[in-house]
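Notes to accompany the following structure.
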2 protein chains.
Amino acid sequence: MTFQEFSKEVMVSVEVLCRDYYRENRESIRIKKEDVAVKNLVTIVTTTLNLSYKKGFDAMSLRDLSRESKLSMGALYSYFNSKEELLSLIQYHGQAAVEKILREYVGRGNNPLKKLQNAIRIHLYLSELMQRWFYFFFMEAKNLNKKYKKLSVESELMTERIITDIIEDGVTQKIFTVDDVRLAGSVIKAMMQDWYLKQWKYRERKVSVESYAQCIIDIAESYLTNKRSHSRTNKK
Amino acid sequence: MTFQEFSKEVMVSVEVLCRDYYRENRESIRIKKEDVAVKNLVTIVTTTLNLSYKKGFDAMSLRDLSRESKLSMGALYSYFNSKEELLSLIQYHGQAAVEKILREYVGRGNNPLKKLQNAIRIHLYLSELMQRWFYFFFMEAKNLNKKYKKLSVESELMTERIITDIIEDGVTQKIFTVDDVRLAGSVIKAMMQDWYLKQWKYRERKVSVESYAQCIIDIAESYLTNKRSHSRTNKK
DNA sequence: GTCTATACATAGATAGAC
DNA sequence: GTCTATCTATGTATAGAC
């Protein structure tokens, strides 16, 4: 599956996501016309993601947001009750959207090798489409309150789990060889994460998301299918 | 080289680092007794790193810092002229200290394979010793002004360069096979970075820095010494 | 050298006109 | 629904006593 095919198919629209948020919070949002509300929410969220990418959520003042989104302070507060609520809106609904898409696309393939390739590609394609979101999830997680922080950690572990489950499967089928499945999954995830954390670097070097994916796949494969024992890792 | 051997040998003391800063900025620091100044600078820097780790540098107010470090607001401002100066003090002198140590230890080994193993280990050991610093460098880079941001990017590329130079060398000697040397170096760095960005995860799982290092080395080796062609990556 | 007290700017948040 | 004007808390930074 190429990136282009994927992006045509998923249509992760911020609009859908904001509509979900709106419908779940009708009571606390003062705006009653759904279309107006959703339209402005999209602006608010998009602007927040961009400003946070530049200076961080905490450094972004609501006056910055007001200026950039061309909505007054008063208008902003019709859509959320506090800056913290804006933060958790993005984190919570964003991660939910990501999980939904991952669950839908990941898991395809009829053997562990194909499944792994697919999982890596899908993850990377999605993080490319939603770069600002993924960056935000990671960089702003520490500002969340206890409840949302817990959800955020769970989300991190869930995506790791997708990888480790496939590896586990491959080990059982004697296709993969590896000592510590969870550690392997963790570092594969780390490589994937670099794609959206260091966007500036890869953009500058004109690395395409497809070739990046292929590189990670090659690395994962050569490690997991390496017949030589990794016995030194076993010392513990 | 084990982590214990390394940590005994390097002695990255925050004190040395603060003394350097003090001596370079004698004019602008109002405190004239070096020992008093250095002692308080150590407290200030350490406390800043800890608070920033918890809530981010931007969210940390100088009142927080004053409370935690048990120095009054007035006292704090005897050591720096603005919050921004505190930020760049940590970034600039911290990264300089890191580079100095890396230059000293990396490059040992009499063939590319040994050199690569050594470079990965030293990087990880150092990032373990200076976890708060490395975390700070990455998370707070966006708050720097233009001048220091440039230095920060250079520092990132420099450490990447250490890895790619070794790989390049190995390719020339036909020990390694890889299409895109720079991309390989970049993702190896990404795996190393995860060690200090996700400390909570690895601590919880009781992964030692040595076994983490061994895992990254195994992955890098199996990829770089894999004879199978990575032709698919070559499409560009 | 260190403190307390305070100036001044800006932050988040809200009231009430339109 | 959106705006402007304004409240109050908190932030960075400094002056001046000890």
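Chain identifiers are assigned alphabetically (A, B, ...) following the order of the sequence lines, protein sequences preceding nucleic acid strands; residue numbering begins at 1 within each chain. These numbers were taken from a predicted model, which means no experiment stands behind them.
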- Note on the structure: Under a 4.0 Å heavy-atom cutoff, the residues of residues 33-48 of chain A touching DNA chain C are none
- Item | Residues B/Arg203 and B/Glu128 bridged, charged N to O under 4.0 Å | yes
- Message: From NZ of A/Lys70 over to P of D/dC3, roughly how many Å is that when rounded to an integer?
- Response: 12 Å
- Query: A/Leu65 CG to C/dT10 C1': how many Å, rounded?
  - Reply: 16 Å
- Task: Output yes when B/Arg103 and B/Glu99 qualify as a salt bridge under the 4.0 Å nitrogen-oxygen rule, no when they do not.
- Result: yes
Do any N or O atoms of the protein come closer than 3.5 Å to N or O atoms of nucleotides 9-13 of chain D, and which pairs are they?
{"unit_1": "D/dG11", "atom_1": "N7", "unit_2": "B/Arg63", "atom_2": "NH2", "d": "2.7"}
{"unit_1": "D/dT12", "atom_1": "OP1", "unit_2": "B/Lys83", "atom_2": "NZ", "d": "3.1"}
{"unit_1": "D/dT12", "atom_1": "OP2", "unit_2": "B/Leu62", "atom_2": "N", "d": "2.6"}
{"unit_1": "D/dT12", "atom_1": "O4", "unit_2": "B/Arg63", "atom_2": "NH2", "d": "3.0"}
{"unit_1": "D/dA13", "atom_1": "OP2", "unit_2": "B/Tyr77", "atom_2": "OH", "d": "2.6"}
{"unit_1": "D/dA13", "atom_1": "OP2", "unit_2": "B/Lys83", "atom_2": "N", "d": "2.8"}
{"unit_1": "D/dA13", "atom_1": "O5'", "unit_2": "B/Tyr77", "atom_2": "OH", "d": "3.2"}

- Message: Looking at A/Glu160 and B/Arg205, is there a salt bridge between them, counting it only when a charged N and a carboxylate O are closer than 4.0 Å?
- Response: yes
- Item | For atom CG of A/Asn143 and atom P of C/dG12, their distance in whole Å | 13 Å
- Message: Quick check: do A/Thr159 and A/Met192 have side-chain heavy atoms less than 4.5 Å from each other?
- Response: no
- Query: Hey, are B/Glu154 and B/Lys150 close enough for a salt bridge, meaning a charged N less than 4.0 Å from a carboxylate O?
  - Reply: yes
- Phosphate contact (C/dT2 OP1 or OP2) by B/Tyr79 side-chain N/O below 4.0 Å: yes
- Using only heavy-atom distances, determine whether the side chains of B/Gln199 and B/Tyr135 contain a donor-acceptor pair under 3.5 Å. no
- Query: What is the distance from CZ of A/Arg67 to C1' of D/dC3, rounded to the nearest Å?
  - Reply: 17 Å
- In whole angstrom, what separates A/Lys32's NZ from D/dG1's P? 8 Å
- Message: For B/Phe6 versus B/Leu129, what's the shortest heavy-atom pair and its separation?
- Response: CE2-CD1, 3.8 Å
- Listed by chain and number, what are the ring-ring contact (aromatic ring centres under 6.0 Å, His included) partners of B/Phe57, not counting sequence neighbours? B/Phe136
